[in-house]
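Lettering follows sequence order; numbering is per chain, from 1.
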Amino acid sequence: MLHTDHGTIETPVFIPVGTAGTVKAVHQKELKDDIKAQIILGNTYHLYLRPGLDIIEKAGGIHQFIGWDKPVLTDSGGYQIYSLTDRRKISENGVVFQSHIDGSKHEFTPERVVDIERTIGADIMMAFDECTPFPCDYKYAKKSMLVTHKWLERCIKRFDQTTDKFGYSQKLFPIVQGSAYKDLRQQSAEFIAGQNREGNAIGGLSVGEPTEVMYEMTELVCGILPADKLRYLMGVGTPANILECIALGVDMFDCVIPTRNARNGMLFTGNGIMNMRNEKWKDDLGPIDNEGTSFVDRQYSKAYLRHLFVSKEILGPMIATLHNLAFYVWLVTEARKQIIENTFGTWKEKMMKQVTQRL
RNA sequence: GGGGGGGUACCAGAGUGGUCAAAUGGGGCAGACUGUAAAUCUGUUGGCAACGCCUUCGGAGGUUCGAAUCCUUCUCCCCCCA
């Protein structure tokens, strides 16, 4: 549980990905050209919104900021060091990204990232780190981890030198690195825990390593990060991954899977996984998900949703995305209930079987 | 009535004597996707007791060691001239 000026985060929680466009609307006046450039650069900056967020009002054709009542989180761009490898140059000082749109160069330093995240107005700001690929040789992993630690110190210094930009409290979360090496993970987790922030993140996982390795590293790090602070596992994962990692002590998750896979026709439900392009749904006029919590679940049939995907109608991905996000939110909310009622263990085992089967 | 062009796999459309179960695209089927440059990418798509065999390029018949490809004929479609 974490209190912010925009509400309390009750864990476990899954953070859906919002849009850079929303950021722009939120603090239009505050956005400087360089920030716009970084948003254009790709999804280098991401705004994470909790569902139900209602911050934008369209007045006279212009979107205006009207405030919000749910916490907002932004990432730092560290993941793009991994995902945009061929478009960036990394140095001790920071990273230079080259825009795929106009080729323009943009330097990211810990200080600048903090400034920008302040301006975006996130309740939770992520430290600038380097997300290493998998596999990663030990020497590089160690060097990268030490750079991430140095950057963290610079992030914190800048963070402490600046003030909350919009009158509400902003928090900075550091990120554990160390690739798939136990000693590095331990060293990094101890260093991160020592910063004593309101929450701590685990990064550098779900980058291609075997799932078992991801669990192993998560378990190790969760054993070091304090239990009374939020533990945020970045970029994970499938419903099964989330259940397993909740069991290991993780409080927060974010991932593109529910949205990206939805766009590609994959639906997650409490009873299993469906590929909506499969012919088997062709004549299934039953609701998408009888037990689903989203309005789309009973409003549309599987056959109709399949038809939309087959016809390449944008409504298909839209419905699937709404469904998947609702399912993820349901999954973590239910997990919380089960934890409170002390029934999480048995519930998890049951759900693991259901959630991983193909329908 | 005269002249010309054409019928190829689910569809469109290459191929014009052996290297052709037949290019390519679409469609179909299936898979992948993990802090989003991702409404994307990949595989597969005649049959079978599959390192081989059988059936298939409008129908029938022929030439040839060998035919989707050449010849004869039938049939259907399109265009031009009357």
Quiz item: Is any side-chain nitrogen or oxygen of Asn278(A) closer than 4.0 Å to OP1 or OP2 of rG31(B)?
Solution: yes
Quiz prompt | Among rG35(B), rA32(B), rA38(B), the one nearest Arg263(A) by side-chain distance | solution = rA38(B)
Quiz item: Of all the choices, rA32(B), rU36(B), rC29(B), which nucleotide is nearest to the side chain of Arg306(A) once you look at every atom?
Solution: rC29(B)
Quiz item: Where does rC51(B) land, syn or anti, once you apply the within-90°-of-0 test for syn?
Solution: syn
Practice problem: Would you check if there is a donor-acceptor pair between the side chains of Thr4(A) and Lys171(A) at a distance under 3.5 Å? | Solution: no
Exercise. Scan Arg118(A), Arg154(A), Lys157(A) and name whichever one has a salt bridge (Lys or Arg N to Asp or Glu O under 4.0 Å) with Glu111(A).
Key: Arg154(A)
Self-check item: C1' gap between rC57(B) and rA9(B), integer Å
Solution: 8 Å
Self-check item: Under 4.0 angstrom between Ser206(A) side-chain N/O and rG35(B) OP1 or OP2
Solution: no
Self-check item: Gap in Å between the two P atoms, one belonging to rG7(B) and one to rC11(B), rounded
Solution: 15 Å
Practice problem: Rounded to whole angstrom, note down the C1' distance from rC54(B) over to rG58(B). | Solution: 22 Å
Exercise. Considering non-hydrogen atoms only, spot the tightest contact between Leu146(A) and Gln187(A) and give its length.
Key: CD2-NE2, 4.0 Å
Self-check item: Among rU36(B), rU40(B), rG27(B), the one nearest Asn264(A) by side-chain distance
Solution: rU40(B)
Practice problem: Give a yes/no on whether any side-chain N or O of Arg260(A) is located under 4.0 angstrom from OP1 or OP2 of rU34(B). | Solution: yes
Quiz item: Quick one: is rA37(B) close enough that its OP1 or OP2 comes under 4.0 Å of any side-chain N or O from Gln80(A)?
Solution: yes
Exercise. In whole angstrom, give me the gap between the P atoms of rC29(B) and rU34(B).
Key: 25 Å
Quiz item: Which whole number of Å gives the distance between the C1' atom of rG31(B) and that of rA22(B)?
Solution: 27 Å
Quiz item: Can you find an N or O donor on one side and an acceptor on the other, under 3.5 Å apart, linking the side chain of Arg277(A) with the base of rG31(B)?
Solution: yes
Quiz item: Going through the distances and angles, do Phe268(A) and Leu325(A) end up as a side-chain contact (heavy atoms from CB on, under 4.5 Å)?
Solution: CA-CA 9 Å; Phe268(A) 298 97; Leu325(A) 285 178; over 6 Å; no
Quiz prompt | Nucleotide nearest Arg87(A) (side chain, heavy atoms from C-beta), chosen from rC33(B), rA37(B), rU34(B) | solution = rA37(B)
Quiz item: What interatomic distance, in whole Å, is found between C1' of rU69(B) and the corresponding atom of rU63(B)?
Solution: 13 Å
Self-check item: Interatomic distance at C1', rC20(B) relative to rG28(B), whole Å
Solution: 23 Å
Quiz item: What integer number of Å spans the C1' atoms of rG59(B) and rC77(B)?
Solution: 15 Å
